[in-house]
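Order of listing sets the numbers, starting from 1, for every ligand and every atom in it.
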Amino acid sequence: MNKRIVSALSSAILIAFFSISCSTAPEKPVVDGKIILTPKPGPSPRINGTRVFGVRPGSPFLFKIPATGTKPINYEVVNLPEGLSCDPATGMITGSLVKPGEYRTTIRATNSIGRAEREFRIVCGDELALTPHMGWNSWYVWENHVTDSIMRAAADAMVSSGMIDHGYMYINIDDCWSVKPGAKDSSLIGEARNSAGMVNSNKRFPDMKGMTDYIHSLGLKAGIYTSPGELTCAGHVAAYKFEEQDVARFAEWGYDFLKYDWCSYSKVGNKDVLEDLQRPYLLISSILKKQKRDIILNLCQYGMGDVWKWGKQVGGNSWRTAGDLGGSFEGIGTALFRDGFDVYSRDSLHLYAGPGGWNDPDYLLIGYLSNWKGQTVPTPLTPNEQYTHVSLWSLVAAPLIFSGDITRLDEFTLSLLTNDEIIDVDQDPLGKPGYRVSKTGDTEVWIRILEDGSKAVGLFNRGEKETEVTALWDDLGLTGKQKVRDLWRQEDQGNYSDRYTASVPEHGVVMLRLWPVN
Ligand code: GLA
């Protein structure tokens, strides 16, 4: 047989195989054996990401309108309150608001092909993080060798990959930016603090302010990490007894986000005593509130003391609900099902999160990750498991923080991160997290109630074989005819009266959105 025919035949077999195991739509592109369901953004403008944004009175305002479509796009905001202005060429809204209140604006994005228009609510008051955070974090790919240039490259990649146009906005440095006492590596040693007791960065970060200025200049926000103990989890200088100085330093450097770990605080407090668990977070949030800029607080204490029940009261905007999802590289798949599905349904986590405070099951572990053995390798999750990962995160209203190599995004990973209809579920302004409504053997049906009266529904198959999963209107609390749309494929499936059944591949998902038909 001639070579061309053999290769055509093997591609056909490959496509047929993946069509059977992953999808009912055979025409989807397959890249490296992975089916890409997300359609590419069209040429006309589409406004994406959050529809509601919180800011405190007097704080610097920065929001870049996320919009896809052929560039250049002209951006306009109708009814923008006094104190704010929008750059028509970049879509960056800047300034500051004096008067608390809710401002209903309309964003318009226009290009040579068409125009998109969407409501955007700006809420000026005490509450930040009105929808789950979206961004990138350095930990799972760069771990303890992160540098200033890695962070700048990540910010550049957020723009060049187009992720910024889908609503991603935070570029967050994790552990290992401060001095490490006793380190052999000369780039990590030096004075831990300045004469005023403010924490210093290590030599890998020669100019923190310059770096955050750069991140901001792209329309993005910057995040930093520390711990309430003397040392961070990786043994770097942390905030114990210098909380005021360190937060002042973060504000001076221009940070917008703080991840506050627990590490080494066990030497100070008892993790079995609720008051001890809460103390460091109450302290840090009270200091953050005194700053002249908005800094989101992410609690990272792995779910101790049922943190979801009090994370918001101690000032958290999100709280990790379990240990590290990728603590063991090979164990990411197991952790996904355990810390995602099981923790969330066992403890009814949806009851505790909402605008201003979100459950955080850890980062999106897709694309290229560190294997903790000095190499950066593709995620061990299968394509189906990756669809499951992103779907579950958006159903439970989790922060969408990607922690793979953003400078090395393959087409499949990018398609997982940039499906605007999936992101719309995650960012729904009602802010009601989803929950499981039924479990039959290895299959589960999850629902999330959305602001426009529609419902997002996930049909999950945790088993090893493809199987049919049925969503019953009775279980979903629905009556009457519903219009069903497949969100990954962005395709209407028709109207259904009392149930919807789909074939779901092993460890996979079908994500739907249901609207009542009159
Ligand atoms: C803990 C956290 C991780 C990461 C590391 C850094 O393990 O849970 O997310 O921040 O510390 O050392």
(message) Quick one about Ser345 and Arg436 (side-chain donor to acceptor, distance below 3.5 Å, no hydrogens or angles considered), yes or no?
(response) yes
(request) Using distance alone, with no hydrogens and no angle criterion, decide if Asn298 and Ser318 have a side-chain donor and acceptor under 3.5 Å apart. (result) yes
(message) Which residue in the set Tyr344, Trp393, Phe341 passes ring pair (Phe, Tyr, Trp, His ring centres under 6.0 Å) when paired with Trp446?
(response) Phe341
(message) Within the 4.5 Å heavy-atom criterion, are Arg513 and Asp424 side-chain neighbours or not?
(response) yes
(message) Measuring only between side-chain heavy atoms, which start at C-beta, is Tyr255 closer than 4.5 Å to Ile173?
(response) yes
(message) Heavy-atom contacts with ligand 1 below 4.0 Å: which residues, ordered by chain and residue number?
(response) Trp139, Asp174, Asp175, Tyr225, Cys233, Ala234, Lys259, Asp261, Cys300, Tyr302, Arg320, Asp324
(message) Using 0.5 Å steps for rounding, measure from the CD atom of Glu143 to the OG atom of Ser403.
(response) 10.5 Å
